[in-house]
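Structure first, commentary second.
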Amino acid sequence: MQPQDAWGARWTDCANPLAHRFMQTAARKGSLVCLAADMRTVDELVDLVNLAGPHIAALKTHADMVDDFSRENWQRLVESAQQHDLLLFEDRKFADIGKVSQQQMAGAHDIRSWADIVTAHRVSGPDVIDGIAAAWADVERVGGVLLLAQMSSRGNMLGSEYTTQTLATGRGSPHVIGYIGNGSSADRIGALRAEVGSGQMIWTPGVNLDVGAGAMGQRYGHPRDAVLAGSDAIIVGSGIHAADDVVAAATEYASVSFQALLDRV
Ligand code: 5BU
């Protein structure tokens, strides 16, 4: 399917090249799934990507939970992501001063060299974004930041005033491709979408076909409700990687999310 047919106004309004790349991949594969690959070894990660790869549009990692991380080892994951045309998203949740964020983008995990997207909290001030962008510039790459405007976990402190300030920081920034919204609440996503407009993306964790409470304070909403309310990418972890049949689960999340996009447009 042509991306403009699947995405409607978002395709024209959301001009960021990385957002376009995601939308194109999503339309081609018929999937809004960003797989949260919360695995502890590179072998498990690569196996998971090889299984789910055809049914997902982006890959989210936590490099610092991987026991056998090394730059050489990680390269195997980067290559399998490339083979499946997946944007690589490191959910690092940067939250320090700009200069330190720049250095943390380098460091042991060298995130700046392989990640296309990272998350950041707005809490430390707007300069965290400049620090991250400077790190990508240091290695002559361009990436996109998703600012945490909401979270899915219970009891979090990202209230509506904080969200509004976060959007004010991200609006018009060439480095901010969009925001993390709370996938467990369609109402919250709808409110966020109304405030964001259609020029930036909203990606949502806290979605599962089995809605309700998850482990340790995680909360889940239904992926269809999230997309209808304005989410552009559903971030799914255990719903896929912990399923008995990973391919079947990935296929189902893909079709539910993409059908919801078509119904939304
Ligand atoms: P789950 O297994 O689908 O619950 O995994 C959710 C993933 O999304 C996991 O990697 C979290 O780090 C990530 N996440 C989240 O759950 N909630 C949030 O608000 C943010 C990220 Br930000």
Side-chain angles (χ1 to χ4, degrees), residues 31-40 44-45 48-49 52 55-66 77 86-95 109 111 115 117-124 128-129 132 144-160 162-163 166-167 170 176-186 188-189 191-192 196 201-227 229 231-244 246 249-250 252-254 256-257:
S31 173
L32 302 192
V33 176
C34 169
L35 174 60
D38 293 336
M39 316 307 279
R40 297 289 301 271
E44 287 174 299
L45 280 163
L48 180 65
V49 172
H55 312 289
I56 62 176
L59 182 68
K60 186 176 91 63
T61 53
H62 284 296
D64 57 1
M65 70 160 70
V66 175
L77 178 67
L86 302 170
L87 287 173
L88 253 175
F89 164 14
E90 169 62 16
D91 190 6
R92 172 60 181 73
K93 301 182 179 75
F94 290 99
H109 296 117
I111 296 168
I117 297 172
V118 300
T119 38
H121 283 290
R122 165 66 178 81
V123 68
S124 61
V128 66
I129 300 166
I132 293 167
V145 177
L146 288 170
L147 286 177
L148 274 74
Q150 299 174 343
M151 287 191 75
S152 65
S153 44
R154 79 175 172 209
N156 74 71
M157 293 163 70
L158 283 64
S160 55
Y162 181 88
T163 300
T166 301
L167 302 197
V176 174
I177 61 168
Y179 306 94
I180 295 292
N182 172 11
S184 75
S185 163
R188 297 285 316 275
I189 299 170
L192 182 61
V196 169
M201 311 216 91
I202 297 175
W203 291 32
T204 58
V207 289
N208 198 295
L209 290 165
D210 186 11
V211 303
M216 294 193 180
Q218 174 70 302
R219 299 174 297 186
Y220 293 117
H222 197 280
R224 177 175 173 81
D225 296 339
V227 174
S231 165
D232 300 311
I234 54 161
I235 297 174
V236 185
S238 42
I240 294 175
H241 68 69
D244 292 335
V246 164
E252 192 172 2
Y253 279 94
V256 168
S257 59

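Any value given below was found using the heavy atoms of this structure, including those in side chains, with hydrogens, waters and symmetry copies removed. In listed order, ligands and their atoms are each counted from 1.
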> What are the atoms of ligand 1, with element, lying closer than 4.0 Å to any heavy atom of M151?
Replying inline: 18 (C), 19 (O)
> From H241 NE2 over to L35 CG, what is the distance, rounded to the nearest 0.5 angstrom?
Replying inline: 7.5 Å
>> Heavy-atom count check: over 12 atoms from other residues, nucleotides or ligands less than 6.0 Å from M65 CE?
In response: yes
> Do ligand 1 and H241 have nitrogen or oxygen atoms that lie under 3.5 Å from each other?
Replying inline: no
>> Checking the side chain of H109 only, and the main-chain atoms of I111 only, is there a donor and an acceptor separated by less than 3.5 Å?
In response: no
> Considering only the protein, which heavy-atom contact is closest to atom 9 (C) of ligand 1, and what is its distance?
Replying inline: D38 OD2, 3.3 Å
>> With a 4.5 Å cut-off on side-chain heavy atoms, are L158 and R122 touching?
In response: no
> Of all the atoms in ligand 1, which lie at a distance below 4.0 Å from a heavy atom belonging to K93?
Replying inline: 12 (O), 20 (C), 21 (C), 22 (Br)
> Got I240 and V246 here, is their nearest side-chain heavy-atom distance under 4.5 Å?
Replying inline: yes
>> Could you identify the single nearest non-hydrogen protein atom to atom 12 (O) of ligand 1 and state the distance to 0.1 Å?
In response: H62 NE2, 2.8 Å
> Under a 4.0 Å heavy-atom limit, does N208 contact ligand 1 with its side chain, its backbone, both, or neither?
Replying inline: neither
>> I'd like to know if the side chain of D225 reaches the main chain of A186, judged simply by a donor and an acceptor atom lying under 3.5 Å from each other, with no hydrogens or angles considered.
In response: no
> Which of the numbered atoms in ligand 1 are below 4.0 angstrom from a heavy atom of Y220?
Replying inline: 1 (P), 2 (O), 3 (O), 4 (O)
>> Heavy-atom pairs closer than 4.0 Å: do any link ligand 1 to the side chain of S152, the backbone, both, or neither?
In response: both
> To the nearest 0.1 Å, how far is atom 7 (C) of ligand 1 from its closest protein heavy atom, and which atom is that?
Replying inline: A36 CB, 3.8 Å
> Can you tell which part of S238 has a heavy atom less than 4.0 Å from ligand 1: side chain, backbone, both or neither?
Replying inline: both
> Which atoms of ligand 1 have any heavy atom of G237 under 4.0 Å away?
Replying inline: 1 (P), 2 (O), 3 (O), 5 (O)
> Taking Y253 for the side chain and S31 for the main chain, is one N or O donor matched with an acceptor at less than 3.5 Å?
Replying inline: no
> Counting each atom of ligand 1 from 1 as listed, which ones have a heavy atom of Q218 under 4.0 Å away?
Replying inline: 4 (O), 6 (C), 15 (C), 16 (O)
>> Out of the candidates S153, S184, S152, only one should pair with Q218 under the side chain to side chain donor-acceptor pair (under 3.5 Å) rule; please name it.
In response: S152
> In ligand 1, which numbered atoms sit nearer than 4.0 Å to a non-hydrogen atom of I180?
Replying inline: 22 (Br)
>> Students should be able to answer this: which protein heavy-atom is nearest to atom 20 (C) of ligand 1, and at what distance?
In response: P205 CG, 3.6 Å
>> Any non-hydrogen side-chain atom of F94 less than 4.5 Å from a side-chain atom of V145?
In response: no
> Between L209 and E252, which heavy-atom pair has the shortest distance, and what is it?
Replying inline: CD1-CD, 3.7 Å
> For ligand 1, which atoms, with element, lie under 4.0 Å from some heavy atom of L148?
Replying inline: 22 (Br)
> Quick one: which ligand 1 atoms are inside 4.0 Å of a heavy atom on D91?
Replying inline: 12 (O), 13 (C), 21 (C)
